[in-house]
Q: 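Pasting in a structure now, in structure tokens, and then I'll have a few things to ask.
Remember, predicted model here, so these are calculated numbers, not experimental data. Scope of the values below: all heavy atoms of this structure, side chains included, with no hydrogens, waters or symmetry mates. Remember, it's 1-based here, ligands and their atoms both numbered in the order they're listed.
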Amino acid sequence: MAEIRSERRGKAAVITVHDPDRRNALTLELSEQLAAAVDDAERDDAVHAVIVTGTPPAFCAGADLTALGEAREQGLRAIYHGFLAVARCSLPTIAAVGGAAVGAGLNLALAADVRIAGPRARFDARFLRLGIHPGGGMTWMLQRAIGTQRATAMTLFGEILDAEAAREAGLAHRVVDGDHDALLAAAVEFANGAAEAPRELLKTTKRTMRHTATLDAHADAVDAEIVPQVASIESPEFAARLATMKARIGGN
Ligand SMILES: C/C=C/C(=O)SCCNC(=O)CCNC(=O)[C@H](O)C(C)(C)COP(=O)(O)OP(=O)(O)OC[C@H]1O[C@@H](n2cnc3c(N)ncnc32)[C@H](O)[C@@H]1OP(=O)(O)O
């Protein structure tokens with residue numbers, strides 16, 4: 001049965017698009033469930049990071065082709081609802097890409113902060129070859145992720161990147177050898193890097209990063225960081241951690 005599966009692994013929420021027989025193609029129902037699963041994870045105070053993946057062999061084959069011909073603005077926006085929830089998630093997000101990420105499936109991968117690829121990952125913009133204009137913010141996300149030249153190669157020239165090419169382009173942060181379990185284990189281990197940080201601080205810092213990425217001047221970034229930085233120094237969480245650190249290094 002096509003469904004979104006959600007589980008907790010330590011402080012990571014693992015959200016899986018599960019419809020392997022149809023290569024995890026996004027229906028309206030799956031997109032709706034995906035958005036709900038991301039919202040659930042954000043509401044769960046035990047969750048510090050969100051991992052999205054697809055049941056092998058594909059990551060996500062994009063929009064459901066059987067319904068795409070009938071889709072108009074509302075339908076398209078409904079398909080995008082799922083990966084846009086990933087894109088606006090306040091917690092750090094990882095896409096564990098084990099197979100083909102095509103069209104809206106590439107968007108789902110791009111919506112995450114970090115992509116970890118398995119050896120069979122393939123990143124395929126596809127839209128134009130299908131005769132459809134890119135949507136869901138792909139032209140924006142892809143240029144931000146890998147720059148205009150590489151984004152143009154994928155979008156206008158149809159270049160498909162395998163795992164290694166994606167890593168070289170900076171589209172994949174890491175490539176992990178092995179099967180889907182190994183990929184997921186690596187994604188969970190990576191997510192553990194966010195487990196020790198205070199949850200609210202993760203969220204504030206992610207918000208700051210989004211903002212400073214839009215700034216031109218270094219000095220404006222210093223200004224943007226100073227208020228949340230002072231707030232963090234005034235927090236009981238910092239006082240406790242500082243005391244622990246001082247005790248460990250032998251200070252007073
Ligand atoms: C607004 C958004 C627009 C977009 O997202 S544009 C992009 C739309 N997506 C596509 O064009 C991708 C189409 N699919 C593929 O290219 C391939 O598949 C894959 C590379 C993803 C995987 O290849 P392989 O592993 O060889 O699988 P297989 O034999 O092609 O397909 C297996 C079954 O999966 C169904 N399927 C695949 N993609 C979709 C889809 N996007 N929507 C609906 N069904 C899909 C097929 O039909 C078939 O089904 P059956 O076994 O019954 O013949």
Q: Can we say R9 and E7 salt-bridge, meaning some charged N sits less than 4.0 Å from an Asp/Glu carboxylate O?
A: yes
Q: How long is the span from the CG atom in D40 to the CZ atom in R43, to the nearest 0.5 Å?
A: 5.0 Å
Q: Run the salt bridge (Lys or Arg N to Asp or Glu O under 4.0 Å) test against K206 and tell me which residues pass, sequence neighbours left out.
A: D113
Q: Under a strict 4.0 Å criterion on non-hydrogen atoms, which protein residues are in contact with ligand 1?
A: D21, R22, R23, A25, A61, G62, A63, D64, L65, L68, L76, Y80, A100, V102, G103, A104, R126, F127, L130
Q: Identify whether the distance between the nearest side-chain nitrogen and carboxylate oxygen of R126 and D124 falls below 4.0 Å.
A: yes
Q: Tell me the side chain to side chain donor-acceptor pair (under 3.5 Å) pairs involving residues 167-182, sequence neighbours left out?
A: E164-R167
Q: With R207, which residues qualify under salt bridge (Lys or Arg N to Asp or Glu O under 4.0 Å), at least two apart?
A: none
